[in-house]
Peer 1: 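Below you'll find the structure I mean.
Labels below follow one simple rule: chain letters A, B, ... track the order of the sequence lines, proteins then strands, and each chain is numbered from 1.
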Amino acid sequence: MSAVADRPFLDRSFFASDPVRCAEALVGCTLVWGACAGIVVETEAYAAEGDAACHTFRRPSARQFVADHPAGAAYVYFNYGMHWLANVLVKGEAEGFVLLRAVQPVAGLAWMRRRRGPRDVAELCSGPGRLARAFGIDGRHHGVDLCAGGRRGFLARVRTPEIVRGPRVGISLAQEKPWRFAVGGNPHVSRPRPG
DNA sequence: TTCGTGATAGAG
DNA sequence: TCTATCACGAAG
């Protein structure tokens, strides 16, 4: 846990931005979740306004979530009958979410393998469903504050990564928006590789 | 490429 | 009640 020790979490002002900028800024930061931690290597932005792929476009419950929670709250939902997906609420100049798509594991590898099975490190968290599974993220965490200190939050970048940008993955609407961000060439990024 | 699996929301 | 849809992943 030395990679995690004695550094403060990103505070709420980090998420009081807009979802696209925030998604890019989060790449290279470290996600800390209890005993597990990983460097964020891939994100996507979803805008509450004008983005047909965002849950807020169709789901009243998502709009209510935005209204009821502060920036930096976790938005966790169950999809395809089997996968949990983890997002962070952004509320600032614009509102929306940042989907956490992949991290490079740095702590808690034993826990991740216990949940995901004995896999290669590059397979542990290289996708939003995989990441949530490896970190033990599920519906219990829907709405938790990631800017409150304690066990869960983000650490600032130690280095600025080389970020590549491309279209979002796995959506049918608003595919034209290049709102996926990833660390160029990083093996922990999900497929299809951007670039 | 195909299919498992379930929450959500809107229509009937 | 019924149905379409869905920000996925594992196996084949």
Peer 1: So, is the end of the Arg152(A) side chain (NZ or CZ) under 6.0 Å from the ring centre of Phe135(A) and within 45° of the ring's axis?
Peer 2: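 Output no; distance or angle outside limits.
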Peer 1: Please tell me which of the listed nucleotides, dC6(C), dA10(C), dC8(C), lies nearest to the side chain of Ser172(A)?
Peer 2: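 So the side chain of Ser172(A) is nearest to dC6(C).
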Peer 1: I'd like to know if the side chain of His83(A) and the backbone of Asn79(A) have a donor-acceptor N/O pair within less than 3.5 Å.
Peer 2: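 Side chain of His83(A) to backbone of Asn79(A): no pair is present.
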Peer 1: Check every strand shown and say whether Gly129(A) touches a base, only sugar-phosphate, or nothing at a heavy-atom separation below 4.0 Å.
Peer 2: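 Sugar-phosphate, backbone atoms only, no base.
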Peer 1: Please report the distance, rounded to the nearest Å, between OH in Tyr80(A) and P in dT8(B).
Peer 2: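 It is 16 Å, rounded to the nearest whole Å.
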Peer 1: By nearest atom, which of the nucleotides dA7(C), dG9(C), dA9(B) is closest to the Tyr77(A) side chain?
Peer 2: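 So the nucleotide nearest the side chain must be dA7(C).
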Peer 1: Could you tell me how far apart Leu173(A) (CG) and dT5(C) (C1') are, to the nearest whole angstrom?
Peer 2: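 Spelled out: CG on Leu173(A) to C1' on dT5(C) is 10 Å.
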Peer 1: For the residue pair His55(A) / Tyr75(A), report whether a side-chain donor-acceptor contact shorter than 3.5 Å exists.
Peer 2: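 Yes, side-chain donor-acceptor contact under 3.5 Å.
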Peer 1: Whole Å only: how far is the CE atom of Met82(A) from the C1' atom of dA11(C)?
Peer 2: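 It is 12 Å, rounded to the nearest whole Å.
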Peer 1: To the nearest Å, how far apart are Arg133(A) CZ and dA10(C) C1'?
Peer 2: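 Distance check: Arg133(A) CZ to dA10(C) C1' gives 12 Å.
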Peer 1: Would you please confirm or rule out a distance under 4.0 Å between OP1 or OP2 of dA7(C) and any side-chain N or O of His55(A)?
Peer 2: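 So the side chain of His55(A) is within the cut-off, an N or O lying under 4.0 Å from OP1 or OP2 of dA7(C).
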Peer 1: Report the nucleotide, chosen from dC8(C), dT8(B), dC6(C), that has the shortest atom-to-atom distance to any side-chain atom of Ser61(A).
Peer 2: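 Of dC8(C), dT8(B), dC6(C), dT8(B) is nearest to the side chain of Ser61(A).
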Peer 1: Can you tell me which nucleotide in dA10(C), dT8(B), dC6(C) comes closest to the side chain of Asn79(A)?
Peer 2: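 Given the options dA10(C), dT8(B), dC6(C), the side chain of Asn79(A) is closest to dC6(C).
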Peer 1: For Phe78(A) and dA7(B), say yes or no: do the ring centres fall under 5.5 Å of each other while the ring planes differ by less than 30°?
Peer 2: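 Taking the rule of under 5.5 Å and under 30°, the ring of Phe78(A) does not stack on dA7(B).
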Peer 1: Picking from Arg180(A), Gln104(A), Arg193(A), what satisfies side chain to side chain donor-acceptor pair (under 3.5 Å) with Glu42(A)?
Peer 2: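 In the set Arg180(A), Gln104(A), Arg193(A), the residue that makes a side chain to side chain donor-acceptor pair (under 3.5 Å) with Glu42(A) is Arg180(A).
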Peer 1: Using whole Å, what does the distance between atom P of nucleotide dC6(C) and atom CZ of Phe57(A) come to?
Peer 2: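 In whole Å, dC6(C) P lies 11 Å from Phe57(A) CZ.
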Peer 1: Return the value, rounded to whole Å, for the distance between atom CH2 of Trp84(A) and atom C1' of dG6(B).
Peer 2: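 That distance rounds to 10 Å.
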Peer 1: With a 4.0 Å cut-off on heavy atoms, is Arg59(A) in touch with a base, just the backbone sugar-phosphate, or nothing at all?
Peer 2: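 Sugar-phosphate: the residue Arg59(A), judged by heavy atoms under 4.0 Å, touches backbone atoms but no base.
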Peer 1: Rounded to whole angstroms, how far apart are CG on Leu100(A) and P on dC8(C)?
Peer 2: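 To the nearest whole Å, that distance equals 13 Å.
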Peer 1: What is the distance from NE2 of His83(A) to P of dA10(C), rounded to the nearest Å?
Peer 2: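 Computing the His83(A):NE2 to dA10(C):P distance gives 7 Å.
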Peer 1: Counting only Watson-Crick or G-U wobble pairs whose two distances fall under 3.5 Å, which nucleotide matches dA7(C)?
Peer 2: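 dA7(C) is paired with nothing.
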Peer 1: Where the side chain of Ile171(A) is defined as all heavy atoms beyond and including C-beta, which of dA7(C), dT5(B), dG9(C) is the nearest nucleotide?
Peer 2: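 The listed nucleotide nearest to Ile171(A)'s side chain is dA7(C).
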Peer 1: I want to verify a distance call: between dC6(C), dA10(C), dC8(C), whose nearest atom is closest to the Arg116(A) side chain?
Peer 2: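 Nearest to the side chain of Arg116(A) among the choices is dA10(C).
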Peer 1: Would you confirm whether the ring centroid of Trp84(A) sits within less than 6.0 angstrom of the ring centroid of His141(A)?
Peer 2: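 For His141(A) and Trp84(A), the ring centres are not under 6.0 Å apart.
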Peer 1: When both hydrogen-bonding distances must be under 3.5 Å and the geometry is Watson-Crick or G-U wobble, what is dT5(B) paired with, if anything?
Peer 2: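 Across all strands, not a single nucleotide pairs with dT5(B).
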